[in-house]
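Below you'll find the structure, written out as structure tokens, and then a few comments.
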Amino acid sequence: MIEKIQSNLVRILEDLYGDSHLNIDELKINLQENNDKKHGDLASNIALILAKPLKKNPQEIANSIKDSFITDEEITKIEVAGPGFINFFLSTKTHSEVLNEISAKKELFGKSETKNQNVLIEYVSSNPTGPLHVGHGRGAAFGSVLGALLKEAGFKVDEEYYVNDFGRQMNILAASLWLRYAQLFNESITMIENGYQGEYLISIAEKLKEDHSDKFYRNYDSIVELLKTEIQDDEIFTDSVVVAIQSALENDFNFLRDFALQAILELIKRDLLDFGVEHNFWFSESSLYDIKENKINQVDLAIEDLKSRGFVYEKENALWFKSSEFGDDKDRVLKRGNGEYTYFASDVAYHSKKYDRGYDRVINIWGSDHHGYTPRVQAAMEATNRDPEKLEIVYIQFANLLRAGKKVTMSTRSGEFITLRELMDEVTTEAARFFYINRKADQHLDFDLDLAKDQSKDNPLYYIQYAHARICSVLKKSNAQIMDLERADLTLLDTEKEIEIQKTLNQYPALIERAAKSSEPHLLCYYLKDLSGLFHSYYNSEKFIIEDKKLMASRLFLLKGVKQVLVNGLSILGIKAPEEM
RNA sequence: GCCCCGUUAGCUCAGUCGGAUAGAGCGCUGGAUUCCUAAUCCAGAGGCCAUAGGUUCAAAUCCUGUACGGGGCACCA
């Protein structure tokens with residue numbers, strides 16, 4: 001309908017003003033939906049925009065357009081109002097077309113044609129040194145819903161988890177595992193302060209003992225002595241313990257590292273799966289350091305590339321990238337004085353590969369604390385002739401948990417964090433997903449645990465699901481399946497509430513498109529709440545199982561449309577629509 | 001110091017490409033159930049859209065300054 005009016009407007013403008021200097025093709029003809037019924041269903045501001053270039057009174061232009069516009073049974077009336085708006089009034093038949101469309105397309109209503117574009121979304125990517133906690137949950141929920149939205153909007157989507165399985169933290173993890181393991185044989189051995197303190201590592205150590213008995217336990221006096229050192233809370237001390245364990249275990253150290261890594265990845269994968277999140281790629285950071293037949297690893301390759309372009313220099317034994325030449329605050333280290341690569345070096349290689357894998361869009365979902373990191377990554381892309389604009393970064397703000405109105409305190413350091421698993425157990429997976437999404441991503445989120453468990457309309461998810469259950473109940477009681485709803489007379493749907501519901505249903509495809517385009521899944525939550533609210537209001541004002549079978553059929557057909565859109569929207573959020581509650 | 005994000009009803013927050021009289025929920029006040037799920041609905045009160053300028057026919061929305069709040073600025077990951 002919008003397209004029809006637009007093309008009519010273009011034709012009229014060509015007739016009226018085609019000979020002036022106007023470039024009609026370049027005009028954006030906006031049609032907006034009106035909030036106020038007095039102004040009709042759709043409005044165009046075209047006359048206001050043309051007033052200046054045509055040097056004419058906007059109302060005069062609007063009236064000429066109005067006079068040329070031919071009304072029909074779909075567009076019943078046109079009015080010029082206010083400073084020069086052109087208002088269009090649609091017939092009830094036009095409003096109800098959406099119901100036939102939903103009935104025909106079913107779960108495909110809202111799905112766009114394929115855009116023939118590939119998108120890579122990278123998200124969660126938490127360090128594989130412990131289970132996911134509630135801070136990761138928001139990114140996980142966001143990423144998976146954005147993925148679903150993009151698929152709905154016609155993109156081919158790959159979802160990737162970047163596994164930071166390389167470097168110092170992995171060695172600390174391996175050392176922590178060995179200490180936990182050794183404790184199973186010798187209780188006097190203490191855990192180091194900067195090690196991974198969480199209980200999950202004790203379970204992994206027990207598993208290690210189960211599988212390999214005391215194979216890795218030898219009484220290393222030097223390590224025990226070292227652990228008695230006064231200064232525990234110190235990075236240098238931590239490293240010296242790691243080195244001691246590493247040199248004592250020799251090759252077994254690598255085995256322990258992989259053992260811990262695999263066990264933790266298992267935990268993470270299971271948590272994500274239960275949370276309704278499924279990545280189809282798991283990209284290992286350490287694979288970037290594998291030496292293949294060309295005898296140079298991906299990271300060195302990326303560094304060499306930068307070097308050959310003249311953007312790398314050496315200072316104080318370290319290798320620096322001239323990111324400041326591309327808008328970064330200062331230059332960044334790629335390889336440290338001690339010969340170790342920085343995390344940034346991996347990221348240069350990783351992002352270069354992402355580009356080279358041939359995606360049209362590359363989306364990173366990062367915690368908002370990483371925003372300062374963006375300029376250097378984009379600088380590396382720009383320096384190697386890759387379009388930095390292609391990399392879209394969405395920042396996710398932290399979430400606070402509220403219990404009884406008070407913030408729940410957490411500390412990652414001591415291991416006193418609430419895991420995603422605990423959150424799912426407490427409020428259900430679906431509530432957790434909904435509440436994570438129900439807020440603009442770049443804003444702080446106060447996650448109210450009590451509200452998420454509440455079973456009343458205060459809880460927006462409950463409110464939406466209840467709307468669906470109510471519709472199911474009515475359809476069931478009415479024996480809707482024995483009626484020929486497709487043939488219902490939809491012109492009977494002419495009350496204010498019925499028109500508004502149909503208009504809202506009609507907005508759904510555009511909403512999906514917009515939410516996908518701007519990476520704003522929260523819009524879907526708000527939409528579903530609105531639609532549910534309209535339904536509940538309608539439900540209370542009208543009866544559906546009534547004597548007048550024709551009216552009954554048309555109303556039930558409307559309810560079926562609402563039901564379908566609720567199902568479609570909830571399914572994008574990864575949430576079920578229960579038939580009974 | 002520099003860089004992000006924010007400031008909209010008492011509270012928590014939406015607000016599309018700049019459009020006509022600014023939206024929801026909670027809370028508050030008052031109502032609705034012999035009837036399809038009251039797990040719901042209806043009505044009312046409640047606003048200087050932080051602030052000062054600018055652009056525009058038109059600004060909560062775009063631009064600049066200021067104030068206040070949150071976050072970030074490693075040879076960490």
Side-chain angles (χ1 to χ4, degrees), chain A residues 28 30-36 38-39 43-45 47-49 51-52 57-58 81-85 87 125-127 129 164 166-170 235 285 315-320 329-330 332-344 346-347 367-375 395 397-398 402 405 438-440 442-446 448 451 454-460 462-463 465-467 469-478 507 510-511 514-515 517-518 520 522-523 525-527 529-530 532-533 535-546 556 559 580-581:
Chain A
K28 277 198 298 180
N30 279 321
L31 281 176
Q32 63 173 55
E33 298 193 25
N34 289 321
N35 303 320
D36 190 335
K38 277 202 309 256
H39 298 133
S44 173
N45 62 353
L48 294 162
I49 290 170
K52 198 162 202 178
N57 182 319
F85 290 104
N87 294 328
S125 300
S126 83
N127 288 338
T129 52
N164 299 125
F166 185 82
R168 178 168 174 263
Q169 296 304 321
M170 279 293 108
E235 297 293 335
E285 180 187 5
K315 192 178 87 182
E316 292 160 11
N317 287 330
L319 228 46
W320 296 72
D329 295 339
K330 52 181 170 184
R332 306 292 173 175
V333 172
L334 291 162
K335 202 171 184 178
R336 295 196 267 162
N338 64 6
E340 286 177 23
Y341 296 93
T342 59
Y343 180 83
F344 174 57
S346 299
D347 250 338
S368 64
D369 54 330
H370 279 63
H371 92 262
Y373 194 77
T374 305
Y395 302 102
Q397 264 294 356
F398 297 118
L402 297 186
N438 186 31
R439 183 89 164 86
K440 260 192 334 201
D442 61 353
Q443 299 302 322
H444 288 276
L445 168 70
D446 285 330
D448 188 330
L451 183 61
D454 189 28
Q455 307 202 343
S456 79
K457 75 186 180 75
D458 297 353
N459 178 341
Y462 230 84
Y463 186 77
Q465 290 183 317
Y466 182 47
R470 263 185 155 175
I471 294 173
C472 290
S473 175
V474 173
L475 292 175
K476 201 171 164 190
K477 284 234 163 91
S478 67
Q507 290 163 2
L511 173 106
R514 187 155 57 87
K517 187 179 171 193
S518 59
E520 294 182 319
H522 73 281
L523 294 173
C525 293
Y526 279 89
Y527 174 85
K529 272 187 280 183
D530 281 350
S532 302
F535 162 73
H536 283 306
S537 171
Y538 182 47
Y539 180 92
N540 274 271
S541 68
E542 303 290 351
K543 300 275 301 166
F544 304 100
I545 300 172
I546 48 179
L556 292 180
L559 292 199
E580 282 178 5
M581 289 171 76

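To find a chain, count down the sequence lines: A is the first, B the second, and so on, and within it residues start at 1.
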Atom pairs under 3.5 Å: protein N/O with N/O of nucleotides 55-63 of chain B:
from	atom 1	to	atom 2	distance (Å)
B/C57	OP1	A/Lys52	NZ	2.9

Identify whether any heavy atom of A/Asp530 sits under 4.0 Å from a base atom; if not, whether one sits that close to sugar-phosphate; answer base, sugar-phosphate or nothing. nothing
Taking only N and O in the side chain of A/His522, is any of them less than 4.0 Å away from OP1 or OP2 of B/G15? yes
Kindly say whether A/Lys335 contributes a backbone atom to a donor-acceptor pair with the side chain of A/Thr342 at under 3.5 angstrom? no
Within the pair A/Tyr527 and B/A24, is there a side-chain N or O less than 4.0 Å away from OP1 or OP2? no
I want to check one thing: is the phosphate of B/U37, taken as OP1 and OP2, less than 4.0 Å away from some side-chain N or O of A/Lys477? yes
Nearest of B/C13, B/C5, B/A20 to any side-chain atom of A/Gln443? B/C5
Assign the ring pair A/Phe544 / A/Tyr538 to parallel, tilted or perpendicular, where the plane angle (0 to 90°) is split at 30° and 60°. perpendicular
A/His536 and A/Tyr463 aromatic ring geometry - parallel, tilted or perpendicular at 30°/60° bounds: tilted
Hey, can you tell me if A/Phe344 and A/Tyr373 have their rings parallel, tilted or perpendicular (30° and 60° cut-offs)? perpendicular
I want to verify a distance call: between B/A39, B/C36, B/A20, whose nearest atom is closest to the A/Val474 side chain? B/C36
Sugar-phosphate, base or nothing in reach of A/Ala467, heavy atoms under 4.0 Å: nothing
Can you find a heavy atom in the side chain of A/Arg336 that is under 4.5 Å from one in the side chain of A/Asn317? no
Comparing A/Ala43 and A/Leu31 on RNA chain B - which has the more 5′ nearest nucleotide: A/Leu31
Side chain of A/Phe544 (C-beta onward), nearest among B/C41, B/C36, B/G6: B/C36
Is the backbone of A/Leu451 close enough, under 3.5 Å, to the side chain of A/Asn459 for a donor and an acceptor to pair up by distance? yes
Could you check whether the side chain of A/Asp458 and the base of B/A39 have a donor-acceptor pair of N or O atoms closer than 3.5 Å, going by distance alone? no
Determine the contact category for A/Lys440: base if any of its heavy atoms lies under 4.0 Å from a base atom, sugar-phosphate if only primed atoms, P, OP1 or OP2 are that close, otherwise nothing. sugar-phosphate
Taking the nucleotide of RNA chain B with the closest heavy atom to each, which residue, A/Gln455 or A/Asn438, is nearer the 5' end? A/Asn438
Strictly below 4.0 Å: does A/Arg514 bring a side-chain N or O up to OP1 or OP2 of B/C17? no
Roughly how far apart, to the nearest Å, are B/G54 and B/A59 at atom C1'? 11 Å
Evaluate the side-chain proximity of A/Asn438 to A/Lys529: yes if any heavy-atom separation is below 4.5 Å, no if none is. yes
Mind checking whether A/Asp329 and A/Pro375 have side chains closer than 4.5 Å, heavy atoms only? no
Remember a base hit wins even if backbone is also touched, and classify A/Ile546 as base, sugar-phosphate or nothing at under 4.0 Å, heavy atoms. nothing
Using side-chain heavy atoms (C-beta onward) and a distance below 4.5 Å, is A/Glu285 in contact with A/Met170? no
A/Lys477 and A/Ile545, any side-chain heavy atoms less than 4.5 Å apart: yes
Please confirm whether the shortest side-chain N or O distance from A/Ser473 to OP1 or OP2 of B/U37 is below 4.0 Å. yes
Heavy atoms, side chains only, cut-off 4.5 Å: are A/Asn45 and A/Phe85 in contact? yes
With syn defined as a glycosidic torsion within 90 degrees of 0 and anti otherwise, which applies to B/C49? anti
Under 4.0 Å, heavy atoms only, any strand: does A/Glu542 hit a base, just the sugar-phosphate, or nothing? base
Counting only side-chain N and O atoms of A/Arg470, is one of them less than 4.0 Å from OP1 or OP2 of B/C36? no
What does the list of N/O pairs under 3.5 Å between the protein and nucleotides 71-76 of chain B look like, with a distance for each?
from	atom 1	to	atom 2	distance (Å)
B/G71	N2	A/His371	NE2	3.3
B/A74	O5'	A/Lys330	NZ	3.3
B/C75	O2	A/Gly337	N	2.6
B/C75	N4	A/Glu316	O	3.1
B/C75	N4	A/Glu316	OE1	3.0
B/C76	OP1	A/Arg336	NH1	3.4
B/C76	OP2	A/Arg336	NE	2.7
B/C76	OP2	A/Arg336	NH1	2.1
B/C76	OP2	A/Arg336	NH2	3.3

Measure the distance from OH on A/Tyr526 to P on B/G23 and round it to the nearest whole Å. 16 Å
Between A/Trp320 and A/Lys315, which heavy-atom pair has the shortest distance, and what is it? NE1-O, 3.3 Å
For B/C41, does OP1 or OP2 lie under 4.0 Å from any side-chain N or O of A/Tyr538? no
Is the closest side-chain heavy-atom distance between A/Leu445 and A/Phe398 below 4.5 Å? no
Heavy atoms from C-beta onward define the side chain here; which of B/C13, B/A77, B/C36 lies closest to that of A/Asp446? B/C13
Under 5.5 Å between ring centres and under 30° between planes: true for A/Phe85 and the base of B/A20? yes
From the list B/C41, B/A38, B/G15, which nucleotide is the closest neighbour of the side chain of A/His536? B/C41
Could you give me the stems involving RNA chain B, meaning stretches of three or more consecutive Watson-Crick or G-U wobble pairs whose two defining distances are both below 3.5 Å? B:1-7 with B:67-73, B:10-13 with B:23-26, B:28-32 with B:40-44, B:50-54 with B:62-66
Is the shortest heavy-atom distance from the side chain of A/Ile471 to the side chain of A/Tyr539 under 4.5 Å? no
With a 4.0 Å limit, can you tell me whether A/Ser537 has a side-chain N or O closer than that to the phosphate oxygens OP1/OP2 of B/C42? yes
